[in-house]
Amino acid sequence: MKVVLTTTYGKITLQLDSERAPKTTENFLSYVQEGFYDGTIFHRVIGNFMIQGGGFTAQMEQKPTQAAIENEAANGLSNEIGTIAMARTSDPHSATAQFFINVADNHFLDQARSPDGWGYAVFGKVVEGMETVEKIKEVPTGRSGFHQDVPQDPVLIESAQIIED
């Protein structure tokens, strides 16, 4: 299954791994199908780490989500450059809609190396549009209220669409 994120910086095509991360993939696809991601932003950009999105509007208002899902970080997939994983709080089973795309090899986020023993669940990878991810990771950032690393000009996800393989 593939999803295309159309952003103000270009398109990002994601290949999802429903075999190794079935619950996470199903959760992400449900948000895509309901149009949840349309009009959200990449609200946290750390150029040597990751770009995070899927939870806030351009006005930095957090959108209400579905229930949190079970952490599937023990699926053998690694937080490598170009992979997509679920964002969460310190509660390992708190992922809802927010996701991040790794722009570095972040193996310390894998279950085997994670200090909390849980890690962050990878559920796919960028198969086209890594140049868009590279552009986004370079945007100037600053503070917005309590949030750090927020792009100074919003990086909008205009739409998220499922495409055929």
Check: Between Glu72 and Lys23, is there a salt bridge with N-O shorter than 4.0 Å?
Finding: no

Margin query: To check you understand the geometry: which heavy-atom pair defines the closest contact between Asp110 and Asn79, and what is its length?
Written below: OD1-N, 2.7 Å

Next item on the list: Using a cut-off of 6.0 Å, state whether more than 12 heavy atoms not belonging to Glu158 lie near its atom CD.
Entry: yes

Check: Is a side-chain donor or acceptor of Thr132 paired with a backbone partner of Lys11 at a separation under 3.5 angstrom?
Finding: yes

Note to self: With clusters defined by side-chain heavy atoms of hydrophobic residues (ILVMFWY) lying less than 4.5 Å apart, directly or transitively, does Ile41 cluster with Val4?
What the structure shows: no

Item checked: Donor-acceptor side-chain pairing of Ser94 and Thr89 below 3.5 angstrom -> yes

Checklist line | Hydrophobic cluster membership, Val155 vs Val150, 4.5 Å side-chain cutoff | finding: no

Margin query: A cation-pi test, strictly: NZ or CZ of Arg44 under 6.0 Å from the centre of the six-membered ring of Phe100 and no more than 45 degrees from its axis. Yes or no?
Written below: no

Next item on the list: Could you pull out the closest heavy-atom pair between Ala160 and Asp38, with the gap in Å?
Entry: N-OD1, 2.9 Å

Check: Nearest 0.5 Å, what's the CD1-CD1 distance between Ile101 and Ile81?
Finding: 13.0 Å

Note to self: Take a 6.0 Å sphere around CD of Glu26 and say whether it holds more than 12 heavy atoms from other residues, nucleotides or ligands.
What the structure shows: no

Check: Under 3.5 Å, is there a donor-acceptor pair between the side chain of Ser144 and the main chain of His147?
Finding: no

Check: Would the number of heavy atoms belonging to other residues, nucleotides or ligands and lying under 6.0 Å from CG of Asp116 be above 12?
Finding: yes

Next item on the list: Under the side chain to side chain contact (heavy atoms under 4.5 Å, CB included) rule, what do Thr6 and Ile157 come out as? Steps first, then yes or no, please.
Entry: CA-CA 6 Å; Thr6 301; Ile157 298 172; over 6 Å; no

Note to self: Would you say the rings of Phe42 and Phe56 are close, in the sense that their centroids are separated by under 6.0 Å?
What the structure shows: no

Note to self: Keeping Thr57 on the side-chain end and Glu61 on the backbone end, is there a donor-acceptor pair under 3.5 Å?
What the structure shows: yes

Check: Going hydrophobic residue to hydrophobic residue with side-chain gaps under 4.5 angstrom, can you get from Leu156 over to Leu5?
Finding: no

Next item on the list: Look up atom CD in Gln52 and atom CE in Met86, then write down how far apart they are to the nearest 0.5 Å.
Entry: 9.5 Å

Notebook entry, point to check: Between Arg88 and Asn71, is there a donor-acceptor pair closer than 3.5 Å when you use the side chain of the first and the backbone of the second?
Noted result: no

Next item on the list: Using distance alone, with no hydrogens and no angle criterion, decide if Glu80 and His107 have a side-chain donor and acceptor under 3.5 Å apart.
Entry: no

Check: Short question: side chain of Lys137, backbone of Ile46 - any donor-acceptor pair under 3.5 Å?
Finding: no

Checklist line | Of Leu109, Ile51, Ile84, the residue whose pairing with Asn102 passes side-chain contact (heavy atoms from CB on, under 4.5 Å) | finding: Leu109

Next item on the list: First locate atom CZ of Phe123, then atom CG of Leu16, and finally report the distance between them rounded to the nearest 0.5 Å.
Entry: 6.0 Å

Notebook entry, point to check: What's the spacing between Asn27 CG and Thr96 OG1 if we round to 0.5 Å?
Noted result: 7.5 Å

Check: With ring centroids as reference points, do Phe36 and Phe28 lie under 6.0 angstrom apart?
Finding: no

Checklist line | Main-chain N/O of Val122 paired with Asn75 side-chain donor or acceptor, under 3.5 Å | finding: yes

Margin query: Could you check whether any side-chain N or O of Tyr37 sits under 3.5 Å from a backbone N or O of Ala97, counting only pairs where one atom can act as donor and the other as acceptor?
Written below: yes

Check: Can you tell me if CD on Glu34 sees more than 12 non-hydrogen neighbours from other groups inside 6.0 Å?
Finding: yes

Item checked: ring pair (Phe, Tyr, Trp, His ring centres under 6.0 Å) assessment of Tyr31 paired with Phe99 -> CA-CA 11 Å; Tyr31 283 109; Phe99 60 87; 9.8 Å; no

Item checked: Donor-acceptor contact below 3.5 Å, side chain Lys2 vs main chain Leu14 -> no

Notebook entry, point to check: Could you give the distance from CG (Asp149) to NE2 (His43), rounded to the nearest 0.5 Å?
Noted result: 10.0 Å

